[in-house]
Each structure stands twice: as structure tokens, then as C-alpha cells.
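Predicted, not measured: the structure shown is a model, and the values here were computed from it.
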Amino acid sequence: MKYTTRQSAILLLSDGTVFHGKSIGISGKTFGEVCFNTGMTGYQEIFTDPSYFGQIMVTTNPHIGNYGINDLEVESDSVKIAGLVCKNFSFNYSRTGASGSLEDYFAKQNLICISDVDTRALVSYIRDNGAMNAVICTDGTSIEDLKKELDNVPNMEGLELASKVSTKEPYFVGDENATYKISALDLGIKKNILRNFAKRDCYIKVFPYDTTYEELSAFNPDGYFLSNGPGDPDPLHGVIEVAKNIIADDKPLFGICLGHQIIALANGVQTYKMFGGHRGINHPVKNLLTGKGEITSQNHGFAVKREALEGHPELELTHIHLNDDTVAGMRMKNKNCFSVQYHPEASPGPHDSSYLFDQFVENIKTSKA
């Protein structure tokens, strides 16, 4: 095997901490909020998830790129993370279904990556000090200059990012002759969400994030869906108003992740930025309605305030995260509306929570009866 010398690179955190590593060959620098994902597989789905827009991803699995990429295993049309930090970047890959290497995939989209980082130490540092802004630099820019640039990067709290990843024009998914029609508001929607609806006999029209309730309703849908997405939910005033209108008309409504937070805000329940967030495919959740546990895929840095939710007369806590007792799901007592903080469409898995799509379809059936 040919030995290749690679350029030194650094990860600089906003508190001045520096982690050293090597560039995979793409020169430059990239800024974002540093966070980590504990999944052992599914790195391509992570990189293309719009909910990660504006974030530098640290992968805890030591080998990234070892099974290449597959054009079908994407959650959007492009890489959405701001940059990647990993331990071992695999320039060689092996998988029958692979359509190319991760190195070429990143090169085409100019995604900056630093490898050979002590990711165990980095993740431990983030756990202790919280998610914060950072910069990956592979072009030799001085640390002092990087600090000045990093000072100008906005914090995730208060940052509206749905507009950066939402579709610009409406589009359709599924069979137009399907039994049910859904108006989906794209705040950063994942392709596997749409696949899950389509295979449940639904025809979906996906709308831009700033679509009005009147425009959503003109499709004459049987139900409404608020998608996952990046950033702080609080600045999305127009989306919150849309949710209020859907709820007021008692139409079937389902929200995932950012959509879940929007439904909370529409009911006057506050959200907050978490210290570190939840990101991975092994998060334990308890369904309080059934008593059953679920292993779930999660990706969020904001959450709904549990005390405010439990004190709301029209809301019911339905799911809790078993690691920290945070809100993982809720429903309205007097309306056809429910939501979860995690990702039931999980790809490549786990699939414990896919029943939630069936629940939404059942809610639609009930409303049509």
C-alpha cells in the first residue's frame, strides 16, 4: 500500500481548545456548532440529514467511509453537515452495493473533513462543556485569525435555519390515486419520512417552510405534517401560526422533531437549547401510553420544557427519554394532534417507532369516518 503524507489540520473550539488531526485532502475552513453522533452505521444518512445543517459532526464510530456510499441511501439531495471530524477516515471501501468512495463524495461537494483526531477525548470534552461553535481548518490559517473569524459565527440559539434547507417549490411524492392526501411542511424533511407515508397509501404534497395555512389547505389534504429540521424553532413565527390554525380547525396533525417543537410553541409551551443535545441511533424512549420501551434515532439540540407541558391543561406527555427524562412525545387531549421529538422514519434503523406513521393514518381514518 502506498504511503501518503497528509496536511496537518486543526479543530478549534470557541473556548480556545484545539484538537489536532489530518486533512483528508480538501483545503479550506468551515464553521458550525460542533456535536457528536453515537451511531455505529448510517454515516451517509447522517451527513445528508437537513436537521444537521450548520453543524460540524463528530462521529464516535472510529471507522468512517469503510463501506463507501450508495446513491439511494440519502436523506436529501446533498451533504448538509458543515464539516466532519472522525478518528479513521477510510479512503478504501468495500461493499457490493457501493457506488463510490466517501472521499470522492466529499470532494464533489467540497466538504472539509479532519481525521486522526482523538474523538474519544473530543466527545468527552463536549459532554462536559456542551455543544459550542467551532472551526475546522485544513489550509494553515493561524489560530489567532481563526479565533477572530469564529467570534463572528452566530450561536445556534435564536438561529432560524429551516429556510436554508426547505424546498423552494412544492413537489409531490407517492401515487396520486392513493387513499389519503397529506400536506407536508418542509422544515428540512427527510426522504425516508416521505417513503414511509407513501407506502401507507398516502399522496404527499411537500410545501416550502413559509407556506400559509390557506395554501396548505388548497391541496384539500386529509392530514397535515410538520417535518424535522435544523435550528431554533422559536424564530419560526409563520410556521407557529400555521400550526395554530391547523389545531384550531382540529385537522389531523403530526409533528416530528422541529415540527414537534413547533406544536409545543403553538400551544404556548416553551422550548430551550439543550446542553449537548441527543444524536444517535440508540436512544431509549418509554411510551407512557403503552408502557413499552423503544430504541430510537434522535437528532436535536432543542427540546420542549417538560414542566410547562405537564402544566398545560390540553397537552399530555406521551413519551420520555429514559436517559434524562426529557420530553420525547406529546399529544393534545381535545384535538387530533400528536408529535414526537425523535425520528420514527429512522434509516438505517432502529424501526421500533415506525408505528407512529400508522397511528397518524389511523387518526386520518377516524377524522374521515
Side-chain angles (χ1 to χ4, degrees), residues 9-15 17-24 30 32-49 51-69 73 75 79-91 93 95 102-103 105-106 111-136 156 190 230 257 274-285 294-301 303 321-324 326 328 341-343 346-350 352:
I10 64 167
L11 172 73
L12 170 66
L13 305 184
S14 60
D15 67 358
T17 305
V18 178
F19 288 83
H20 296 271
K22 299 288 186 181
S23 168
I24 68 163
T30 185
E33 182 185 68
V34 67
C35 63
F36 62 89
N37 187 294
T38 58
M40 296 297 288
T41 187
Y43 56 72
Q44 189 179 355
E45 291 89 340
I46 292 169
F47 302 157
T48 56
D49 180 353
S51 294
Y52 282 123
F53 184 85
Q55 292 181 309
I56 292 174
M57 174 53 56
V58 181
T59 48
T60 61
N61 183 14
H63 299 287
I64 298 298
N66 50 311
Y67 58 81
I69 61 111
E73 295 175 355
E75 293 292 356
V79 170
K80 292 298 189 293
I81 59 172
L84 174 66
V85 181
C86 63
K87 176 61 178 174
N88 300 316
F89 189 92
S90 299
F91 293 88
Y93 64 94
R95 182 170 59 144
L102 188 61
E103 179 188 11
Y105 190 60
F106 280 1
L111 186 91
I112 295 171
C113 171
I114 179 174
S115 67
D116 297 77
V117 174
D118 186 347
T119 50
R120 288 172 65 90
L122 175 55
V123 168
S124 179
Y125 192 86
I126 297 170
R127 286 189 187 277
D128 290 341
N129 296 277
M132 67 185 77
N133 284 340
V135 54
I136 300 173
M156 191 64 71
K190 295 168 71 176
C257 202
M274 304 175 75
F275 183 70
H278 295 153
R279 298 174 182 90
I281 59 175
N282 61 346
H283 286 256
V285 164
E294 304 168 24
I295 301 302
T296 68
S297 176
Q298 302 208 5
N299 168 20
H300 61 103
H321 194 296
L322 290 176
N323 286 348
D324 57 11
T326 53
Q341 181 62 80
Y342 51 98
H343 289 235
S347 178
D352 299 25

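With sequence neighbours excluded, the residues that form a salt bridge (Lys or Arg N to Asp or Glu O under 4.0 Å) with K190 are D49, E345. For H300, the ring-ring contact (aromatic ring centres under 6.0 Å, His included) partners two or more places apart in sequence, or in a different chain, are H278. Partners of F91 under the ring-ring contact (aromatic ring centres under 6.0 Å, His included) rule, at least two apart in sequence or in another chain, are F89. Residues passing the side chain to side chain donor-acceptor pair (under 3.5 Å) test with E33, sequence neighbours excluded: Q55, K273. With sequence neighbours left out, the side chain to side chain donor-acceptor pair (under 3.5 Å) criterion links N88 to no other residue. The side chain to side chain donor-acceptor pair (under 3.5 Å) test applied to T17 returns D15, Y125, not counting sequence neighbours. Applying the ring-ring contact (aromatic ring centres under 6.0 Å, His included) criterion to F19, with sequence neighbours excluded, gives no partner residue. Here D352 pairs with nothing under the salt bridge (Lys or Arg N to Asp or Glu O under 4.0 Å) rule; sequence neighbours left out. Applying the side-chain contact (heavy atoms from CB on, under 4.5 Å) criterion to T48, with sequence neighbours excluded, gives V74, E75, S76, Y105. When the salt bridge (Lys or Arg N to Asp or Glu O under 4.0 Å) test is applied to R95, the partners found at least two apart in sequence or on another chain are E73. With sequence neighbours excluded, the residues satisfying side-chain contact (heavy atoms from CB on, under 4.5 Å) with A328 are V285, H319, Y342.
Taken from CD1 in I126 to CZ in F36, the straight-line distance is 6.5 Å, to the nearest 0.5 Å.
Taking the six-membered ring for Trp and the full ring otherwise, the centers of Y43 and Y67 sit less than 6.0 Å from each other.
Taking the six-membered ring for Trp and thresholds of 30 and 60 degrees, H283 and H321 have ring planes more than 60 degrees apart, a perpendicular arrangement.
Sorted by first then second residue, the salt bridge (Lys or Arg N to Asp or Glu O under 4.0 Å) pairs that include residues 114-133, not counting sequence neighbours, are R6-D116.
For the residue pair N37 / T60, no side-chain donor-acceptor distance below 3.5 Å is found, with atom types taken as modelled.
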